[in-house]
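Scroll down for the structure; my scribbles are underneath it.
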Amino acid sequence: MRKAVIIGAGMVPVGEHWKLSLRDIAVEALLNAMDDAGIDRVDSLYVGNMASGSFVEQENLGALIADWAGLGHIPAVKVEAACASGGAAVQEGAKAVLSGLEDVVAVVGVEKMTDAWPSDATRYLAYAADADWELFHGASFVALNALIMRLYMKEYGYTEEDLALFAVNAHANGAKNPYAMFKRSITVETVMKSPYVADPLKLFDASPVCDGSAAVIITTPEKAKELGVPKEKWVEIAGMGRSIDTINLANREDFLTLKAAKVAAERAYKMAGVEAKDIDFFEVHDAFTVMAALSLEALGVAEKGKGAMLAREGQIAIDGDYPIQTMGGLKSRGHPVGATGVYQTVEAVLQLRGEAPEGIQVPDAEVGLTQNIGGTGSNITVNVFRRV
Amino acid sequence: MGKPMQVARHWRHFREKYALVGGKCENGHLMFPKREVCPVCGSRNVEEYQFSGRGKVVSWTIVRNPPSGLEYYRPYPLALVQLEEGPVVLAQLTDVDPEEIDFGMEVEMVTRKVREFDEDGIILYSYKFRPVLKPQKE
Amino acid sequence: MGKLLRPNREVGIVGYGAYVPMYRIKAEEIGRVWGISSFPIQEKSVPGLDEDTITIGIEAARNALKRAKIDPKLIRAIWLGTESKPYAVKPSGTVIAEAIGATPDLDAADFEFACKAGTEALQAAIGFVGSGMADYAMAIGADTSQGRPGDHLEFTASAGGAAYIIGPKSSDTLAYFEASYSYVTDTPDFWRRQHEHYPRHGNRFTGEPAYFHQIINAAKTLMEELDYSPNDFDYAVFHQPNVKFPLTAAKILGIPKEKVLPGLLSGIIGNTYSGATLVGVSAVLDIAKPGDRILWVSFGSGAGSDAFSLVVQDAIEEKRDLAPKTMDYVNRKKYIDYALYAKARRKYIV
């Protein structure tokens, strides 16, 4: 069977890019990745994006970005799985390579959110929920996650302070990442003092509205060699898994289990031939602090109900047993929704190459995992990466 | 408040939303909303089912930054309500102060306004839940 | 045949139900804002942000159905009397019909005659069922009335409503109509022009030539034609724009205050306009005994009155407990200040 390796990675800093448009940041990230790989052409382009039509009235991103990046007459398509669009695009790109149909594939994740009015952005994000049965009732994404958060705290006896620790950890790492939106550390008090957006969920439990784009180049080891890409740059996409859950949170069997993440992780672990304990760091989808806890449980890192315990025990720090959000996660690096999964991928590549910034490099990282959630856990991707 | 307005899209669910009408499959599995395929057994034989409207609060939040179009209504409580027949429904709570809401609070369905599309658009009505009305003494 | 209105077959009420929103504002709170210190009532109901005439109508209709215990599909007309239609053009009754499961084999329409629109719908329902065209019809009076900020009507304009399901007189009817009478003259005491937010009124002109003239004439004619005296009635419910007017009308007619007070709610819920007498009578039905006779006289500006003589039947005893009582709603209350009231009544430009 063919193997898929990432040979190039690029991104733009996450933030409020007032002067730059969606195409500007996407092209920049894409060219950065191509330059990193040392190539000037690709066979195809996969774009991870959630809601460009809503945010900037632009669809057909495959054509837009490939055209503006000067990639010529190649196949280019947008992949959408809500906030998991980036993770899904990486998978689709890898699948194209693994299938043998394409040899060198570019994947770019992009979201330009800050052009929208804030309450409109809240509405567009909620398009990932059930339009007729959730958004209709005034559910924002924050609100849906707040319902889960309240239940999680009640069920397992955690406090808002406990969950705030995930934000504190993310910021501690993000402070050292030049590409992060919030390059500063915070305390539990910072989180606790922030206003409620949807009780008990506070502003600092949530990831920000922002702009960002990240890209990777995927090929086979054979092709990488042929292209002359030094082996130190290679990172294998060793395992991939993806699953859906009910679109409507209310219809879920168990509100406190990310079933889709569980299923996706099992598939990814099996494909990569690893278990949770073999993984050196986890880039999980902490769009909201409670999601970090639930993700760790679904990935098999913690038992059910024990996810937040890892934060309490300090095990999620860079020097802990289960480092998470090594570059700041969604909370501190930022969560440009459709781009997030690709940012996680780029960050995993940097960690596995040993190119992570000082202070947040996971020592001797061999295997890393990214987990990207769409909806309230309704569409989840898990990818396992391995140093070659 | 909040264009674009879509009429048919909302109209086709009026009955379900005004009165909390869900579905029941041939094997007796209840669901809300009604679907083509029973999520429990896969049966494609699903009929309409009228829920009683009684239920209990499973979890709740107070929406302070609502999606556009609903700004005037903020803050409003949103909850997961488990109906006495079993299924869980997401809906707004009404006629209740945030401090009064609690796990297991008994609620009943009422039909209320959910959204208006500007001054000149259609008005959307739907089920919401309020604390069960109790006989009052003066 | 005289002046009375009497259908071919006798009709009665098979179910009734009321609804009053839970929010209240005290008159003194309104007075605080406008520097006024004498008030026509104590406090009034305020509709919640998510309430309007249609939602009030729906809950009242559901309560009426609970008492009627009939299949909603048997209801062949839903007529809503209101002066605060959520849509200027588009029937409100259709929403109510859909919500209670009465569609599609029925007629629906909104009636307007200022505050007497509710009894106007009732008159029509009596005729509809009394003629034999249909076995069941629902009449609703409901409003979320608007008073111009600072105007003295702002103290009273409130929200609420009640629904009545009319059917042929039988042992299932909880009260039956002996006769009714409508009295109408062209008297512009209160009006609202198209596209205007608030009504205008003729100030003191709304009293003697409007309210009292129509109410007294309607009540007197009904009693005379039925050959009844005030003593024949156990309760009297008059339109209640405030507390003083209905009590004065009773005094003029020689009806003791005690017979009026049980159905006089305006002091604590305000003037629910088209809903006013329907809500008042519902409160009386909640406590009346079989055999009691109720005098029911509405008033609508513009102007006119509908008068009914209603006799309570045995079925009241088993039916009244099947739905929340009117006082359950009246006594369920949460006070809000003028700022929240202004938000609820959409006085803010956003």
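Order of the sequence lines sets the chain letters (A, B, ...), proteins ahead of strands, with each chain counted from 1. A quick note: this is a predicted structure, and the numbers were derived from the prediction, not measured.
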Given that the side chain runs from C-beta out, which part of [X] has a heavy atom under 4.5 Å from chain A: side chain, backbone, both or neither?
X	value
B/Phe103	side chain
B/Lys17	side chain
B/Val89	backbone
B/Pro66	backbone

Worksheet item: Can you list the steps and then say if A/Val142 with B/Arg64 is a side chain to side chain contact (heavy atoms under 4.5 Å, CB included)?
Response: CA-CA 10 Å; A/Val142 187; B/Arg64 299 179 190 275; over 6 Å; no
Determine whether more than 12 heavy atoms belonging to other residues, nucleotides or ligands lie under 6.0 Å from atom [atom1] of [X].
X	atom1	answer
B/Lys113	NZ	yes
A/Glu189	CD	no
A/Lys304	NZ	yes

Discussion item. For residues 125-138 of chain A, give me every residue with a non-hydrogen atom less than 4.5 Å from any non-hydrogen atom of chain B.
Written reply: A/Ala131, A/Asp132, A/Trp133, A/Glu134, A/Leu135, A/Phe136, A/His137, A/Gly138
Fill in: chain B neighbours within residues 53-61 of chain A, where any heavy atom lies under 4.5 Å away
none
Please give me the minimum heavy-atom distance between [X] and [Y], naming the atom from each residue.
X	Y	answer
B/Pro67	A/Ala139	CG-O, 3.9 Å
B/Val58	A/Leu151	O-CD1, 3.2 Å
A/Ser119	B/Glu71	OG-OE2, 2.8 Å

Worksheet item: Between the side chain of A/Arg123 and the main-chain N/O of B/Ser68, is any donor-acceptor distance below 3.5 Å?
Response: yes
Discussion item. Quick check against the 3.5 Å criterion: does A/Arg150 have a side-chain atom that pairs as donor or acceptor with the backbone of B/Ser59?
Written reply: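 Judged by distance alone, no pair lies under 3.5 Å.
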Worksheet item: In Å and rounded to the nearest 0.5 Å, what is the OG to CG distance from A/Ser140 to B/Asn65?
Response: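 So the gap between those two atoms works out to 7.5 Å.
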Fill in: B/Thr61 side, atom OG1; A/Ile148 side, atom CD1 - distance, nearest 0.5 Å
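Here the interatomic distance stands at 11.0 Å.
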Worksheet, complete the sentence: Expected contact set for residues 76-84 of chain B against chain A at heavy-atom separation under 4.5 Å reads B/Tyr76, B/Leu78, B/Ala79, B/Leu80
Discussion item. Quick check on the structure: residues of residues 27-42 of chain B within a heavy-atom distance below 4.5 Å of chain A, by number.
Written reply: B/Phe32, B/Pro33, B/Arg35
